[in-house]
Amino acid sequence: MRRVSLMLFSVLMAVGLLGATSSFAADAHTTSKFEGPKANTGTVKHSRDGGKDMLTWSDDYKIPDTPAPHWQVVDSKGNVYLLQQQRIKGDKQNRAIAVPSYVKDIAKVQVWCSFAEALLGEASFPAPLKTAAAESGADIMTSSR
């Protein structure tokens with residue numbers, strides 16, 4: 001009887017730890033709420049799709065009413081990468097984008113107006129996220145000599 005109880009306890013502990021790990025991982029891939037003069041709602045979720053890093057804004061995110069709001073990411077070294085426009089032709093939206101392979105990690109996601117050259121808002125990840133390109137060791141800037 002003691003052996004069965006110990007086994008049942010072990011199984012319950014394993015299931016509990018698995019659930020805790022899953023919820024921690026989900027939280028680690030969502031930014032804080034956007035804060036800024038024009039972009040101050042919603043968050044961004046990071047995910048992987050076929051080895052590509054994807055960023056997707058939440059349902060409560062609202063594209064700022066400015067001429068040219070863009071996705072922009074900042075890495076842990078402070079390098080800034082201007083990416084796609086959020087609004088595209090025909091009233092369509094870039095709700096989700098693939099992060100280019102030259103971006104090695106992502107600390108912040110920003111909304112940048114390229115027309116006014118102004119930061120409209122930003123949201124941060126709890127810790128910088130290493131991209132798939134960085135994890136694979138691919139470095140397009142280095143050449144062997």
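- In terms of heavy atoms, Ser58 sits closest to Gly42 at OG-CA, 3.3 Å.
- Put simply, CD on Gln86 and CZ on Arg95 are 10.0 Å apart, with the number rounded to the nearest 0.5 Å.
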Working note: Leu119 + Trp112, criterion side-chain contact (heavy atoms from CB on, under 4.5 Å); need CA distance, chi angles, decisive distance, verdict. CA-CA 5 Å; Leu119 182 61; Trp112 175 258; 4.2 Å; yes
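- With hydrogens and angles ignored, the 3.5 Å screen pairs a side-chain donor or acceptor of Thr131 with a backbone N or O of Val103.
- Looking only at distances, no side-chain donor or acceptor of Asn94 sits under 3.5 Å from a matching main-chain atom of Ala96.
- Between the CD atom of Glu122 and the OG atom of Ser32 there is a distance of 8.0 Å, given to the nearest 0.5 Å.
- Using a 4.5 Å heavy-atom cutoff, the side chains of Val73 and Leu55 are in contact.
- Between Tyr81 and Gln72 the shortest side-chain heavy-atom distance does not fall below 4.5 Å.
- For Glu35, the CD atom is loosely surrounded, since the number of other residues' heavy atoms within 6.0 Å does not exceed 12.
- Looking only at distances, a side-chain donor or acceptor of Thr41 sits under 3.5 Å from a matching main-chain atom of Asp60.
- The distance from the OG atom of Ser101 to the NZ atom of Lys52 is 9.5 Å, given to the nearest 0.5 Å.
- Here CZ of Phe34 is found 8.0 Å from OG1 of Thr43. Values are rounded to the nearest 0.5 Å.
- The nearest pair of heavy atoms linking Ala39 to Pro64 is CB-CG, 3.9 Å.
- In this structure, Ile106 CD1 and Ser124 OG are separated by 12.0 Å, a value rounded to the nearest 0.5 Å.
- By the 4.0 Å N-to-carboxylate-O rule, Arg48 lies close enough to Glu135 to be salt-bridged with it.
- Following chains of ILVMFWY side-chain contacts shorter than 4.5 Å, one cannot reach Tyr102 starting from Val80, and the two form parts of different hydrophobic clusters.
- Contact annotation: the side chain of Pro69 approaches that of Ile63 to within less than 4.5 Å [non-hydrogen atoms, C-beta and beyond].
- Looking only at side-chain heavy atoms (C-beta outward), Asn79 and Val74 stay at 4.5 Å or farther from each other.
- The minimum heavy-atom distance linking Lys130 with Asp105 is given by the pair CA-CB, 4.1 Å.
- A ring-centre distance under 6.0 Å is found for Trp71 and Trp57.
- Residues Val99 and Phe125 fall within the same hydrophobic cluster, defined by Ile, Leu, Val, Met, Phe, Trp and Tyr side chains chained together at heavy-atom separations under 4.5 Å.
- In this structure, NE2 on His46 lies 10.5 Å from OG1 on Thr30, to the nearest 0.5 angstrom.
- No side-chain heavy atom of His70 sits under 4.5 Å from any side-chain heavy atom of Leu83.
- Counting heavy atoms from C-beta on, the side chains of Val111 and Tyr61 come closer than 4.5 Å.
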